[in-house]
Amino acid sequence: MLWSLLKILAFFCAVAALALGAGYLLEADGGVMITVGGTEYPFGPLQSVIALALLVLLLWVVLKVLGLLVATWRFMNGDETAISRYFARNRQVKGFNALSEGMMALASGEGKVAMAKAAKADKYLDRPELTLLLTAQAAEVAGDRKTAEDTYRKLVEDPKTRFVGVRGIMKQKLADGDTDTAMKLAEKAFALKPAHTETGDTLLRLQAQTEDWKGARATLNTKLKQGDLPRDVHRRRDAVLALSEAWQFMAEGETEKAGDAAISANKLSPDFVPAAAMAARALATRGNKRAATKVVKKAWERAPHPDLAAAFAEIQPDESANARMKRFTVLTKQHPSDPETKMLLAELHIAAEDFPGARRALGDLLDEDPTARSATLMAAIERGEGADDQVVKAWLARALTLPRGPQWICDVCGHIYATWQPVCDTCDGFDTLSWKRPPASELQIGTEMLPLIVGPAQADNTAVVVAEDMPDAEIITAEEAPEAETENGAQKA
């Protein structure tokens with residue numbers, strides 16, 4: 001409203017200025033005298049200005065006529081596009097103006113306006129690669145999926161715009177949840193433009209979701225060749241894919257291939273814990289226990305992890321508790337102040353029934369970095385030393401209020417997993433799981449040590465039910481609570 005008012009005021013001011021100037025020229029003395037063939041033609045001030053304006057207009061018309069004559073002369077001399085260029089120049093200006101306005105409307109989220117401008121641009125321009133693309137994107141913004149898909153299909157027909165068309169349809173299929181078709185389109189788009197980062201990442205993610213590990217490794221190698229991935233990132237992700245392939249072989253009963261794939265994954269990324277654990281087991285099964293020990297030791301040097309300790313224990317499954325403690329020295333002497341090392345030592349001492357040694361191994365861990373696992377270990381120590389049941393139950397109750405410690409957590413959505421996996425089920429992220437501490441609100445309790453604390457459930461038909469609404473962690477019989485559980489994830493042992 002204000003802008004319209006300003007334009008009206010400006011118009012009236014311009015008219016008033018012209019009227020004032022005309023009046024001034026009428027009242028002014030002097031003028032211009034033109035003599036032609038002895039005849040004088042006097043012009044007053046106002047007449048002089050009008051004559052000058054008419055002269056400029058006449059000159060512009062003459063130049064246009066001359067341009068038309070030059071174009072006609074060129075046409076007659078074989079330049080068949082001269083006249084067409086002359087008349088098309090104005091159409092191009094209008095077409096590009098409409099295209100520009102359509103792009104601005106698209107950026108503003110005005111899909112229908114952008115579609116109208118695209119249609120106008122298409123009327124004046126012979127540039128379908130531009131107008132069709134604008135039409136497709138505008139239709140998507142406007143919610144017209146059919147027009148968008150039809151337009152993308154037209155783009156596919158032109159080799160110059162084929163990639164854009166395939167990619168557009170692929171994104172539509174992804175939005176519809178049609179992953180099978182989307183993956184085929186992603187493969188086509190990636191073949192057309194292998195250096196396109198987004199398409200390569202989309203294809204890799206879809207291949208991982210569908211467990212096409214071989215295809216995913218081929219895609220990853222292509223991205224490396226195109227310079228789209230740093231070499232260290234490539235090696236890490238290739239290790240993830242190799243380990244996933246090993247799991248697939250294992251599920252199919254091809255243990256030899258599974259072992260080879262796991263060892264390959266470990267070579268690609270020696271500090272990748274799941275690969276190191278599986279590779280160590282494969283080497284131990286083949287009788288190469290020395291190499292298996294080396295694999296676990298190298299991964300443990302980077303960061304202690306309970307999965308590594310479990311794999312290391314399986315290298316010599318039948319050894320005595322004291323022999324195991326001695327063999328584990330190659331791990332426990334590294335990172336002695338790490339909580340994982342302290343808890344591992346405590347578990348080894350408990351297995352050897354050296355409960356005072358287990359207490360010393362924990363040290364001040366329960367004061368500096370208490371977790372549910374360390375509190376559970378302390379309950380086992382108290383149990384082994386013959387403490388009263390109330391003391392044991394008090395430690396179990398405290399475990400409920402403590403964080404669980406590091407776990408496999410998705411870096412994108414924060415979902416927590418008990419074991420590592422290549423793809424997050426929640427956000428479909430590939431290689432997004434990291435071993436780290438969850439938020440303080442995520443409180444869970446592991447029950448691996450409870451059989452050691454209360455004895456096997458089969459022996460005395462007793463079960464321990466631990467829940468936040470049972471702060472004293474009462475021990476009840478299985479008959480008394482056959483289905484005992486709570487909404488927040490209470491666990492039974």
Side-chain angles (χ1 to χ4, degrees), residues 81 84-85 88-210 212 215-216 218-220 222-223 225-229 428:
T81 61
S84 61
R85 284 201 306 269
R89 191 172 295 116
N90 188 44
R91 294 174 59 84
Q92 288 182 352
V93 171
K94 291 181 180 180
F96 281 114
N97 286 339
L99 189 65
S100 175
E101 292 171 0
M103 293 176 66
M104 293 299 295
L106 181 64
S108 303
E110 301 174 284
K112 293 183 178 180
V113 175
M115 289 178 67
K117 295 296 182 181
K120 183 178 179 181
D122 186 56
K123 177 182 177 182
Y124 291 111
L125 296 176
D126 187 21
R127 301 291 297 275
E129 68 275 13
L130 297 178
T131 54
L132 286 176
L133 178 59
L134 178 60
T135 301
Q137 294 183 343
E140 285 185 338
V141 173
D144 189 350
R145 297 288 302 278
K146 187 178 185 305
T147 299
E149 184 172 352
D150 291 343
T151 307
Y152 280 129
R153 292 188 183 280
K154 292 179 182 178
L155 289 169
V156 171
E157 297 173 0
D158 187 348
K160 294 186 296 183
T161 59
R162 184 166 297 155
F163 172 78
V164 176
V166 172
R167 178 174 173 269
I169 300 174
M170 176 196 73
K171 294 179 72 174
Q172 284 193 322
K173 296 303 180 182
L174 281 174
D176 295 337
D178 187 357
T179 55
D180 292 337
T181 305
M183 189 166 73
K184 293 177 182 177
L185 291 168
E187 290 172 351
K188 180 65 175 177
F190 190 64
L192 290 170
K193 192 174 288 189
H196 195 268
T197 302
E198 181 192 7
T199 304
D201 291 341
T202 300
L203 176 59
L204 184 64
R205 177 171 55 84
L206 291 172
Q207 288 170 327
Q209 288 178 26
T210 56
D212 180 13
T219 301
L220 197 69
T222 302
K223 287 172 68 66
K225 292 177 182 177
Q226 294 294 328
D228 192 32
L229 274 181
D428 295 328

Rounded to the nearest 0.5 Å, how far apart are [atom1] of [X] and [atom2] of [Y]?
X    : Y    : atom1 : atom2 : result
I169 : D176 : CD1   : CG    : 11.5 Å
D180 : L185 : CG    : CG    : 11.0 Å
Y124 : N97  : OH    : CG    : 10.5 Å
K154 : T135 : NZ    : OG1   : 8.5 Å
R127 : L134 : CZ    : CG    : 13.0 Å

For residues 188-204, which side-chain donor-acceptor pairs fall under 3.5 Å, sequence neighbours excluded?
{"unit_1": "H196", "atom_1": "ND1", "unit_2": "T199", "atom_2": "N", "d": "3.2"}
{"unit_1": "H196", "atom_1": "ND1", "unit_2": "T199", "atom_2": "OG1", "d": "2.8"}
{"unit_1": "T197", "atom_1": "OG1", "unit_2": "D228", "atom_2": "OD1", "d": "2.7"}
{"unit_1": "E198", "atom_1": "OE1", "unit_2": "R167", "atom_2": "NE", "d": "3.4"}
{"unit_1": "E198", "atom_1": "OE1", "unit_2": "R167", "atom_2": "NH2", "d": "2.5"}
{"unit_1": "D201", "atom_1": "OD1", "unit_2": "K223", "atom_2": "NZ", "d": "2.9"}
{"unit_1": "T202", "atom_1": "OG1", "unit_2": "E198", "atom_2": "O", "d": "2.9"}

Query raised in the report: Taking C-beta and beyond as the side chain, do D212 and L206 meet within less than 4.5 Å on heavy atoms?
Result: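 With C-beta onward as the side chain, the pair stays apart.
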Requested in this report: Would you indicate whether the side-chain heavy atoms of R145 and E140 approach each other to under 4.5 Å?
Outcome: no
Requested in this report: Please list, chain by chain and in numerical order, all residues satisfying side chain to side chain contact (heavy atoms under 4.5 Å, CB included) with K225, sequence neighbours excluded.
Outcome: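 Applying side chain to side chain contact (heavy atoms under 4.5 Å, CB included) to K225 gives none.
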Query raised in the report: Step by step, would you call L125 with L130 a side-chain contact (heavy atoms from CB on, under 4.5 Å)?
Result: CA-CA 9 Å; L125 296 176; L130 297 178; 5.6 Å; no
Report summary line: Sequence neighbours excluded, the answer for salt bridge (charged side-chain N to carboxylate O under 4.0 Å, His left out) partners of D178 is none
Query - Test item: side-chain donor near acceptor, T179 and Q209, under 3.5 Å - result: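 Side chains of T179 and Q209: no pair found under 3.5 Å.
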Which atom pairs, donor and acceptor, lie under 3.5 Å between side-chain atoms of residues 155-164 and protein residues at least two apart or in another chain?
{"unit_1": "D158", "atom_1": "OD1", "unit_2": "K160", "atom_2": "N", "d": "3.1"}
{"unit_1": "T161", "atom_1": "OG1", "unit_2": "L155", "atom_2": "O", "d": "2.6"}
{"unit_1": "T161", "atom_1": "OG1", "unit_2": "D158", "atom_2": "O", "d": "3.4"}
{"unit_1": "R162", "atom_1": "NE", "unit_2": "V156", "atom_2": "O", "d": "2.9"}

Report task. With sequence neighbours left out, write down each residue that passes side chain to side chain donor-acceptor pair (under 3.5 Å) with D150, or none if nothing qualifies. Result ->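 K146.
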Which atom pairs, donor and acceptor, lie under 3.5 Å between side-chain atoms of residues 106-122 and protein residues at least two apart or in another chain?
{"unit_1": "S108", "atom_1": "OG", "unit_2": "M104", "atom_2": "O", "d": "2.9"}
{"unit_1": "K117", "atom_1": "NZ", "unit_2": "E101", "atom_2": "OE1", "d": "2.8"}
{"unit_1": "D122", "atom_1": "OD1", "unit_2": "T131", "atom_2": "OG1", "d": "3.3"}

Requested in this report: Please confirm whether the backbone N or O of Q207 pairs with a side-chain atom of T210, one donor and one acceptor, at under 3.5 Å?
Outcome: yes
Requested in this report: Apply the test side-chain contact (heavy atoms from CB on, under 4.5 Å) to residues M103 and Q137: give CA-CA distance (whole Å), side-chain angles for both, the deciding distance (0.1 Å), then the verdict.
Outcome: CA-CA 10 Å; M103 293 176 66; Q137 294 183 343; over 6 Å; no
